[in-house]
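Positions are given from 1 along the sequence.
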Amino acid sequence: MVVSSSISPASSHAVFSNTLSRSDIKLSRCFLPSSTRHSLSSLYSSPLPRKTLVSQRGKRWLCPGYIHASTKAASLEAAVEKIELPKGDMWSVHKFGGTCVGSSERIKNVAEIIMNDTSERKLVVVSAMSKVTDMMYDLIKRAESRDGSFMSASDAVLEKHTQTAKDLLQGDELLSFLSRLHDDINNLKAMLRAISIAGHATESFTDFVVGHGELWSAQMLSLVIKQKGYDCTWMDTRDVLVVNPTSSNQVDPDFPDSERRLDKWFSNNPSRIIIATGFIATTPENIPTTLKRDGSDFSAAIMGALFRARQVTIWTDVDGVYSADPRKVSEAVILPTLSYQEAWEMSYFGANVLHPRTIIPVMRYDIPIVIRNVFNLAAPGTKICRLSADENGEHLQSPVKGFATIDNLALVNVEGTGMAGVPGTASAIFSAVKDVGANVIMISQASSEHSVCFAVPENEVDAVADALRSRFGQALEAGRLSQVAIIPNCSILATVGQRMASTPGVSATLFNALAKANINIRAIAQGCSEYNITVVVKRDDCIKALRAVHSRFYLSRTTLSMGIIGPGLIGATLLDQLRDQAAELKEKFNIDLRVMGITSSKKMLLSDSGIDLSSWREQRNEQGQVADMQKFVQHVHGNHFIPNTVLVDCTADSYIASHYYDWLRKGIHIITPNKKANSGPLDQYLKLRALQRQSYTHYFYEATVGAGLPIISTLRGLLETGDKILSIEGIFSGTLSYIFNKFKGGRNFSEVVTEAKQAGYTEPDPRDDLSGTDVARKVIILARECGLKLELSDIPPESLVPEPLRATASGDEFMQQLPQFDEDWAKKLQAAEDAGEVLRYVGVVDVTNKKGIVNLKSYKKDHPFSQLSGSDNIILFTTERYKEQPLIVRGPGAGAEVTAGGVFSDILRLASYLGAPS
């Protein structure tokens, strides 16, 4: 039957006479608007008496004011000897949410937890069974829309609780509960029919209906415990808990009135175990209401304060409060303790802790709150209490306790020179925001007063912007305000910790961690309490920012998303070294190096979680795809769960090197043994280094000069400490070092070159080594590090390739013809030996004369260069400090193992810079 929404007194009898009984209409009068009550009253010649609703406890709720308890009842209670309510540490308070009591098995589990608690007295606050509150709201919604299915939906609520009761109870307890349950459902159906007539439910009516879920779960749990022989009863908290509604959709507890009612209730219902309804309460006028969001937690905290309990335990489905959202930061840890203020701050910014108001009642009496997991009793949980400075630092060295985020925000920036020094501007701004009902989450203003920015939920920002432009329309037209700007797609990251107060360097560490992850901060706010630093970042950067700061403060694993370019000899060796060290780096150094991609010029292998380096060759052959550098970089850099990205270029390709500038601009760190970028055109090199110095993105290239030897770092150490470089002279080529160490004792030059080629020291075409170009590039790199602005063409190397063989078609042909020039080489060797010297191919950076030299020279046998063996490199730094006796760096300078080791060392140095323990 479809009922019209417009009902006149004259037609109302015809419409409802077949659907509602007189008692239904009497009942409906309690909750309907006055106009509709008048229409229904006209059905009868005399006014309808006010309907009395009898509560489960035998108390009476009188409609429409639900006037509670008669004077006769009060006089009878006065005649009964009053039983005093004991208060203090003998009481422990527990709160179980809907998930904890979501089924009969879970209710049994809760009963076991309560019975195993050794406290002398226990008060237990319970929510409705899981999903029941939503079902009750749905009933009201259907009734308001005049959807007749609210009747069958009511039966579903009845069936859910009937089946649960049959699983839990037996005998008289079961029959008694089912009888009350059926009465409640029948009353609810009558109320819902009344709502359907009116097409609207008042807030108080809605609160009364939805609170039934708590009534039913509390009764069932109390009966389960009572069946086990325990002294247990249940409490309808509307008989005790009095709250005053506020204008902000919240309520304030009335503690004096609640304490009086609690004393009276306990006098009539003394028990060692009390099962109380969460979420619901009453107003001073005895109108049923709710405690709004997180109401059951709030109920538990209020009860803890009323009973002066030893502890309030909030049972949930998590092991405690995490240092960050574990869905976003897998390394997040359970915090053993939090101060009230820390919990307050974290919960405000969206952490799954408690609603801030939950903490207020227990703070008054220093009652700790413990968050525990009902499904993991072995976990100790998180204790929220008042902590001294020593206690707060007992478990953690970090001054930061945790991080929380809020997404889907927008920044509003009100800016203009006319704001400075004008009283009332901020008041006018936030008055306009209040008028549209928007929630301001964060405010930031510079001391210049030139602008005010604040964050609001993104779905409210348009209304806020319109209100501000309307309020300040004249100021905008006159130019006193320049703009009301909206910055959408923002997130807030809050850093919380009581020990942050008066601890120097916390802000610097926070901002440094974000900068190194290439994350721009759009706004900053911090109160003078210093318990919280709040920053606004792009929404797309939020997870990356959270992981970066958590890693930095909590020393959770510093994770790098790595892309390896060029899995040739050096690249493949590096991958094998990474494979062998991965477990130890994670365990001992908290470094997680995840290779997300490997690419050559033809084929690439990508992974979303990290390539298994024990089988990367097989995976590349089976799962590899056509190489695409743009796609490769986007994949490696696009993982928001890993804040830092590094590309490792193991090629000698100038094309790859040409991308460095763009990669650094995107916040991608670069590590390479490729000499092409630093020895290429001077203008490009200067542009690259300028960008590196301006950003927090790192570019490491130690292996470009000395393979695994610390040449670049030694030079920088000298320069940064104020030493003046006079010259750098060295044997920079491991290949040429090997050749000239072996070229002696009557051996032919071609024979030694062949031996070096067979040992793997030379390039496939030995002319690449003998030309001296590689040494010249290293000299250029060092010269530029010293501040010399030289091009590669300024250092023409002396080529060891005979002139006639420079145009030879192939390396093999070159090797075949090289013996023709052995006699020339024998003469050079003999001349050096006659002078008591040895031949060495060297590079020189003459800083004093601003030039570079690469040539073949002879040295006395007592010179350090003459003492080399094998493929060792040696570099002499002559400086103002080391003038009489140059500083010498010596060691292996060729081979895939040492070069890959040098690159690996740079990777670990990068991890250290990004926060890994050194």
Side-chain angles (χ1 to χ4, degrees), residues 30-31 53 55-57 59 61 63-66 68 93 95-101 123-141 143-144 157 161 184 187-188 191-192 195 200-219 234-255 257-258 261-262 265 275-306 312 314 347 354-361:
C30 305
F31 306 102
L53 300 182
S55 78
Q56 310 276 358
R57 222 357 112 195
K59 299 280 186 177
W61 300 93
C63 304
Y66 307 100
H68 189 249
V93 175
K95 178 266 174 176
F96 295 92
T99 304
C100 301
V101 293
L123 181 130
V124 181
V125 175
V126 292
S127 300
M129 293 180 68
S130 179
K131 307 297 183 184
V132 168
T133 300
D134 290 339
M135 294 171 74
M136 302 304 284
Y137 276 116
D138 182 61
L139 291 178
I140 295 173
K141 183 178 179 181
E144 285 183 319
V157 174
H161 288 86
D184 287 343
N187 282 335
L188 284 173
M191 297 174 190
L192 293 169
I195 294 176
H200 171 71
T202 63
E203 182 180 356
S204 59
F205 189 96
T206 300
D207 288 345
F208 182 78
V209 172
V210 299
H212 278 73
E214 280 72 16
L215 296 172
W216 297 325
S217 61
Q219 291 175 70
W234 76 280
M235 174 195 290
D236 181 349
T237 49
R238 295 175 300 186
D239 295 339
V240 172
L241 184 52
V242 182
V243 297
N244 293 298
T246 69
S247 60
S248 54
N249 196 31
Q250 293 187 3
V251 294
D252 293 330
D254 185 337
F255 282 100
D257 196 359
S258 297
R261 296 193 185 201
L262 176 61
W265 184 93
I275 311 298
T277 55
F279 185 57
I280 58 177
T282 186
T283 68
E285 296 78 22
N286 297 316
I287 299 175
T289 186
T290 66
L291 301 185
K292 316 308 177 188
R293 179 186 167 193
D294 294 314
S296 293
D297 288 352
F298 198 18
S299 298
I302 296 170
M303 286 299 180
L306 291 174
V312 175
I314 307 292
S347 61
L354 296 168
H355 193 276
R357 63 187 179 147
T358 304
I359 301 167
I360 298 173

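- By the 4.5 Å heavy-atom criterion applied to side chains, Phe255 and Ile302 are counted as neighbours.
- We find that Asp239 and Arg261 are not joined by a salt bridge, their nearest charged nitrogen and carboxylate oxygen being 4.0 Å or further apart.
- The two atoms that bring Pro288 and Arg238 nearest to each other are CB-CD, 4.1 Å, heavy atoms only.
- When all heavy atoms of Gly98 and Ser127 are compared, the pair lying nearest together is N-CB, 3.6 Å.
- In this view, Thr358 satisfies the side chain to side chain donor-acceptor pair (under 3.5 Å) rule with no residue, not counting sequence neighbours.
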Practice task
Would you sort out whether Glu203 and Phe208 count as a side chain to side chain contact (heavy atoms under 4.5 Å, CB included), showing the intermediate values?
Solution key: CA-CA 9 Å; Glu203 182 180 356; Phe208 182 78; over 6 Å; no
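- To the nearest 0.5 Å, the span separating CG on Leu188 from NE2 on His212 amounts to 4.0 Å.
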Handout entry: side chain to side chain contact (heavy atoms under 4.5 Å, CB included) evaluation trace for Lys131 with Thr99
Key = CA-CA 9 Å; Lys131 307 297 183 184; Thr99 304; over 6 Å; no
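- Residue Ala301 comes nearest to Pro361 through the heavy atom pair O-CB, 3.6 Å, listed as atom of the first residue, atom of the second, then distance.
- For Thr277, the side chain to side chain donor-acceptor pair (under 3.5 Å) partners are Thr237, not counting sequence neighbours.
- Between the side chain of Thr283 and the backbone N or O of Asn244 there is no donor-acceptor pair closer than 3.5 Å.
- Partner Leu291 forms a side chain to side chain contact (heavy atoms under 4.5 Å, CB included) with one of Val251, Asp297, Ile280 and no other, that one being Val251.
- In plain terms, the two heavy atoms of Ala201 and Ile195 that are nearest each other are CB-CD1, 3.8 Å.
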Exercise for the section: Tell me, with the steps shown, if Val157 and Leu139 meet side chain to side chain contact (heavy atoms under 4.5 Å, CB included). Expected result: CA-CA 10 Å; Val157 174; Leu139 291 178; 4.3 Å; yes
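- Here Thr206 pairs with nothing under the side chain to side chain donor-acceptor pair (under 3.5 Å) rule; sequence neighbours left out.
- Residues passing the side chain to side chain donor-acceptor pair (under 3.5 Å) test with Asp138 are Arg142, sequence neighbours excluded.
- For the pair Ser296 and Phe96, the minimum side-chain heavy-atom distance is 4.5 Å or more.
- In this structure the side chain of Phe279 never reaches within 4.5 angstrom of the side chain of Val125, judged on heavy atoms.
- Side-chain contact between Val243 and Asp254 is absent, with no heavy atoms from C-beta onward closer than 4.5 Å.
- Residue Leu241 holds its CG atom at 9.0 Å from OG1 of Thr282, rounded to the nearest 0.5 Å.
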Problem - Pair Met303-Met235, side chain to side chain contact (heavy atoms under 4.5 Å, CB included): steps then yes or no - result: CA-CA 12 Å; Met303 286 299 180; Met235 174 195 290; 3.7 Å; yes
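- Nearest heavy-atom pair across Val242 and Pro284 is CG1-N, 3.7 Å.
- For the atom pair NE2 (His161) and CG (Leu215), the distance works out to 9.5 Å, reported to the nearest 0.5 Å.
- The shortest distance between side-chain heavy atoms of Phe298 and Pro253 falls below 4.5 Å.
- By the 4.0 Å N-to-carboxylate-O rule, Glu214 lies too far from Lys95 to be salt-bridged with it.
- Ser130 meets the side chain to side chain contact (heavy atoms under 4.5 Å, CB included) test with no other residue; sequence neighbours excluded.
- For Asp252, there are no salt bridge (charged side-chain N to carboxylate O under 4.0 Å, His left out) partners at least two apart in sequence or on another chain.
- Salt bridge Asp207/Lys292: present, at least one basic N to carboxylate O contact under 4.0 Å.
- The shortest distance between side-chain heavy atoms of Val124 and Val93 does not fall below 4.5 Å.
- Rounding to the nearest 0.5 angstrom, the gap separating the CG atom in Leu192 from the CD1 atom in Ile140 is 7.0 Å.
- Atom CD1 of residue Ile314 and atom SG of residue Cys100 lie 10.0 Å apart, to the nearest 0.5 angstrom.
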